[in-house]
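See structure below.
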Number of protein chains: 2
Amino acid sequence: MVKQTISAAQITAAAFEIMQTGGTVEQLSIRKIAAKLHIGVATFYWHFENKQALLQAMSDEIIAGIQFPPTTTAMPWTKQIKLIFKTIYATYLEQPYAAELMLRTVPATKIRLSLINRLLQILLDAGFTPEQSNLAIESIDHFMSGLFADIAGKIEMKQRALSQTDPYLAQLPLKMKTIAADNHFDAFLKTFEHHRQQQQHSAEKFMLGLDIFLAGLEQQRHS
Amino acid sequence: MVKQTISAAQITAAAFEIMQTGGTVEQLSIRKIAAKLHIGVATFYWHFENKQALLQAMSDEIIAGIQFPPTTTAMPWTKQIKLIFKTIYATYLEQPYAAELMLRTVPATKIRLSLINRLLQILLDAGFTPEQSNLAIESIDHFMSGLFADIAGKIEMKQRALSQTDPYLAQLPLKMKTIAADNHFDAFLKTFEHHRQQQQHSAEKFMLGLDIFLAGLEQQRHS
DNA sequence: ACCTGAACACCGTTCAAGT
DNA sequence: ACCTGAACACCGTTCAAGT
């Protein structure tokens, strides 16, 4: 037997490869990782305390890999915030599992805390109180997480519906329009096309929603 | 053997009881439900197509159980929206698993579609376009879902940290402050107390975030 | 120090068989 | 029509045993 040594980095790399092929964090299993690396499942537990520790490492790696744009205090604070979130958003779009990963982990690393710190600093510099700043950043974060959870959920449901494994789910979206039509849910029907185009336009959607929120926030600063 | 007949309603009731004791939708298992009702696991599959179908039934039951306040077109549209979301929010607070349930299911029932329709109608009546209305309602929904996913995640992590099963997680929140202090993340430290009080004040937090968003939306309507 | 096989305690789902 | 036991194909995690 050739003595092949596996590193923690190789394990996270394999985990990322598996996630890239789709599926949720729940579906990422230690057994799949072990099979990909041709190691026993127990080997994983020598390198990581448990699955949670792997997720922490992965979430940190994702944030560390982001190239954040430079911002200066000369720029309007709204512009600074938008630039940073646009970058985060782009990353989440490339790696759709990233949002779920962030929700499932604690930002207890230097890299993740520094990002939160930077966002808070922009708002403090703009004249917001610590309370306002904290609320605003968390609200934006929740908005983005919710959007991604929704998109991830829809993608997963679509995959399960397309594979023969779950024909149950396949009929549900079709049922929506029928029910809406039968009950004369006119407002819903009027906006139905916008519902359906959701996935393609999620990037603009996030930025538009962010614009609305920042406009309301700017108003609050003046009063 | 006494011939005891189980109904679908009894199964959802048992499922709600299990969820009330805490835990995620993932942790709700058909085996736990079967044990609670003293039936075989396979019996579940006679009453429901699969676990997804159970979740659909549960999400519908939750929305059906909400007593929505009456709103009239005489009220300002922001007031109408706030009243409805306050009610939804209160329900999600009582049943913390409700938000996760909504994210995991398709609103393909009359009761859930009628709620979406009502919210959209308020915005259409206020003069927003279908595009704007759809974006606004989805944004608010994502914001609320993200907030609840965050709270649910934090509660779950706290439970796992408190039980001896996962001491790994217990040390992470403590680590946060140490790292922030070591790296002079001043903005983070300044708002740290607000982070920690999060759970108690999540209700006000949601309403405050909603206020900001609605203020931005109102502004958009005038331009 | 690093890796393993085998086991434990869980999952969702199916299916032939019972009444 | 309704329910069952037993099986299948999965999980995360542990642990004594190997090198």
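Computation of the quantities below employed the complete heavy-atom set of this structure, encompassing side-chain atoms and omitting hydrogens, waters and symmetry-equivalent molecules. Residue numbers begin at 1 in each chain, while the letters A, B, ... track the order of the sequences. As the structure is a prediction and not an experimental result, all values here were calculated from the model.
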Inset, instruction - Round to the nearest Å and state the distance from F44(B) atom CZ to dG12(C) atom P. - result: 9 Å
Inset, instruction - Report the base-pairing partner of dA9(C) (Watson-Crick or G-U wobble, both distances below 3.5 angstrom), or none. - result: none
Inset, instruction - May I have the distance from I30(A) (atom CD1) to dT14(D) (atom P), rounded to whole angstrom? - result: 11 Å
Inset, instruction - Would you mind classifying the nucleic acid contact of L28(A) as base, sugar-phosphate or nothing, using non-hydrogen atoms under 4.0 angstrom? - result: sugar-phosphate
Check nucleotides 7-9 of chain D for protein N or O atoms closer than 3.5 Å to its own N or O atoms and list the pairs.
none

Inset, instruction - Tell me whether the OP1 or OP2 atom of dC2(D) has a side-chain N or O from T5(B) closer than 4.0 Å. - result: no
Inset, instruction - Would you mind telling me which of L214(B), L119(B), I88(B) makes a side-chain contact (heavy atoms from CB on, under 4.5 Å) with I140(B)? - result: L214(B)
Inset, instruction - Specify the separation, in whole Å, of atom CH2 of W46(B) and atom P of dC3(D). - result: 7 Å
Legend entry - Check: L135(B) main-chain N/O paired with E138(B) side-chain donor or acceptor under 3.5 Å: no
Legend entry - Whole-Å P distance, dA17(C) and dC2(D): 22 Å
Legend entry - Polar contact flag, side-chain donor to acceptor under 3.5 angstrom, R112(A)-T105(A): yes
Legend entry - R118(A) and T71(A): side chain donor to acceptor below 3.5 Å: yes
Legend entry - Q27(A) CD to dC11(D) C1', straight-line distance once rounded to whole Å: 12 Å
Inset, instruction - Answer with yes or no after comparing the ring centroid distance for F213(B) and F213(A) against a 6.0 Å cut-off, counting only values under it. - result: no
Legend entry - Under 3.5 Å: donor-acceptor pair, side chain of E100(B), backbone of Y97(B): no
Legend entry - Nearest-angstrom distance from the residue atom CD of E49(A) to C1' of dG12(D): 14 Å
Inset, instruction - Let me know the distance between OH of Y45(B) and P of dC15(C), rounded to the nearest Å. - result: 12 Å
Inset, instruction - For dC10(D) and dA9(C), measure between their C1' atoms and round to the nearest Å. - result: 13 Å
Inset, instruction - Please confirm whether the backbone N or O of I81(A) pairs with a side-chain atom of K86(A), one donor and one acceptor, at under 3.5 Å? - result: no
Inset, instruction - Output the single nucleotide from dT14(C), dT13(D), dC3(C) whose closest atom is nearest the side chain of N50(A). - result: dT13(D)
Legend entry - Side chain of H47(A) (C-beta onward), nearest among dC3(C), dG5(D), dT14(D): dC3(C)
Legend entry - Length of the line joining K51(A):NZ and dG12(D):P, which is rounded to integer Å: 5 Å
Legend entry - Whole-Å gap separating P (dG12(C)) and CD (E26(B)): 9 Å
Inset, instruction - For the side chain of K32(B), starting at C-beta, report the closest nucleotide among dC3(C), dG5(C), dC11(C). - result: dC11(C)
Inset, instruction - Give one of base, sugar-phosphate or nothing for T43(A), where a contact means two heavy atoms less than 4.0 Å apart. - result: base
Inset, instruction - Counting Watson-Crick and G-U wobble pairs only, both distances under 3.5 Å, name the nucleotide matched with dC2(D), or none. - result: dG18(C)
